[in-house]
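For the numbers below, each heavy atom of this structure counts, side chains included, while hydrogens, waters and symmetry mates do not.
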Amino acid sequence: MQTGKLLAAKSQHTYVLKLVGDVRLTLCCTLDGLFEQIFGDREIHSIVVDLTLADNVDSTTLGLLAKIAIKAKSEGLMQPSIISSNPDITYLLNSMGFAQYFLMMEHPATRIEELREVPQLAGSEARIHQQVLEAHRTLMSMNEQNKEIFQSVVHALENCPQ
């Protein structure tokens, strides 16, 4: 399994994020920094998340992706899209309620050569802890099933000394 990385491209008024390989919490600072950039750009009208080359997406990453949809809605952007051709990842997304927040597609919307790799940002242990906690709270807020699934994780993170 390939170590996770994040590719990104801006085309006209759309931002494309492509997650590649085994995408885990090690990319949470990178994703969070990129979100600030995306939502700070007033020219952006839509966001596409391409998971076609993702082998695995952990719950922290799922929480951060959910944060995109919630923030996009509050900012008045178009409903974000997720492209997933991996049946396991698509099943996971559907079971978490992502179809309520994202337009779900099976085929990529852009050519890989248009994307540039986003350099991975390091984060302090406290910052990573906060992002993991926030990501799981976001997942819990999506629906009752997620609330049950992640309640113990959030409780443990809230009670974990930093």
(request) Go through T3 and R24 one step at a time and tell me if the side chain to side chain contact (heavy atoms under 4.5 Å, CB included) criterion holds. (result) CA-CA 9 Å; T3 303; R24 297 193 173 268; over 6 Å; no
(request) Evaluate side chain to side chain contact (heavy atoms under 4.5 Å, CB included) for L34 paired with Q37, printing each intermediate quantity in order. (result) CA-CA 5 Å; L34 190 56; Q37 179 183 337; 3.7 Å; yes
(request) Determine, stepwise, if the pair I83 / E106 fulfils side chain to side chain contact (heavy atoms under 4.5 Å, CB included). (result) CA-CA 5 Å; I83 305 165; E106 290 184 29; 5.9 Å; no
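Of all non-hydrogen atoms in K18 and L53, the two that sit nearest each other are CE-CD1, 3.4 Å. Looking at every heavy atom in both residues, L92 comes nearest to S95 through O-OG, 2.8 Å. Contact between I70 and S141 at its shortest, heavy atoms only, is CD1-OG, 4.2 Å. Annotation for L64 and F35: closest pair O-CE1, 3.3 Å, computed over non-hydrogen atoms. Listed here is the closest heavy atom pair of I68 and F39: O-CZ, 3.7 Å. D22 and D55 make their closest contact through N-OD2, 4.3 Å (heavy atoms, listed as atom of the first residue, atom of the second, distance).
Residue Q131 holds its CD atom at 12.5 Å from CG of L157, rounded to the nearest 0.5 Å. One finds the CG atom of L62 at 6.0 Å from the CG atom of L139 (value rounded to the nearest 0.5 Å). With values rounded to the nearest 0.5 angstrom, I47 atom CD1 is found 9.0 Å from E75 atom CD. Taking CG of N143 as the start and CD1 of I149 as the end, the distance is 7.5 Å to the nearest 0.5 Å.
Pairs passing the ring pair (Phe, Tyr, Trp, His ring centres under 6.0 Å) check and including a residue from residues 42-100, sequence neighbours excluded, read H13-H45, F98-F102. For the side-chain hydrogen bond (donor to acceptor under 3.5 Å, both in side chains) condition, the pairs that include at least one residue of residues 145-157, sequence neighbours left out, are H155-N159. Applying the ring pair (Phe, Tyr, Trp, His ring centres under 6.0 Å) rule to pairs touching residues 131-150 yields H136-F150, sequence neighbours excluded.
For the side-chain contact (heavy atoms from CB on, under 4.5 Å) criterion with T61, the lone passing option out of V23, N56, L6 is V23. Screening T90, D50, V49, V48 for a side-chain contact (heavy atoms from CB on, under 4.5 Å) with I82, the sole residue that qualifies is V49.
Around CD of E158, the count of heavy atoms belonging to other residues, nucleotides or ligands within 6.0 Å exceeds 12.
A donor and an acceptor atom, one from each side chain of T52 and S85, are nowhere located under 3.5 Å apart. Judged purely by distance below 3.5 Å, without hydrogens or angles, the side chains of Q79 and Y101 never pair a donor atom with an acceptor atom.
With respect to the salt-bridge test (charged N to carboxylate O, under 4.0 angstrom), the residues E36 and K71 do not qualify. For R127 and E134, the salt-bridge test fails: no basic side-chain N is under 4.0 Å from an acidic carboxylate O.
Considering only residues two or more places apart in sequence or on other chains, D41 meets the salt bridge (Lys or Arg N to Asp or Glu O under 4.0 Å) condition with K10. I89 is linked by a side-chain contact (heavy atoms from CB on, under 4.5 Å) to L51, A54, V57, S84, N86, L93, counting only residues two or more places apart in sequence or in another chain. Under the side-chain contact (heavy atoms from CB on, under 4.5 Å) criterion, K73 pairs with no residue at all, not counting sequence neighbours.
Counting only heavy atoms from C-beta outward, the side chains of M140 and V153 never approach each other to under 4.5 Å.
Transitive grouping of hydrophobic side chains (ILVMFWY, heavy atoms separated by less than 4.5 Å) keeps L17 and M78 in distinct clusters.
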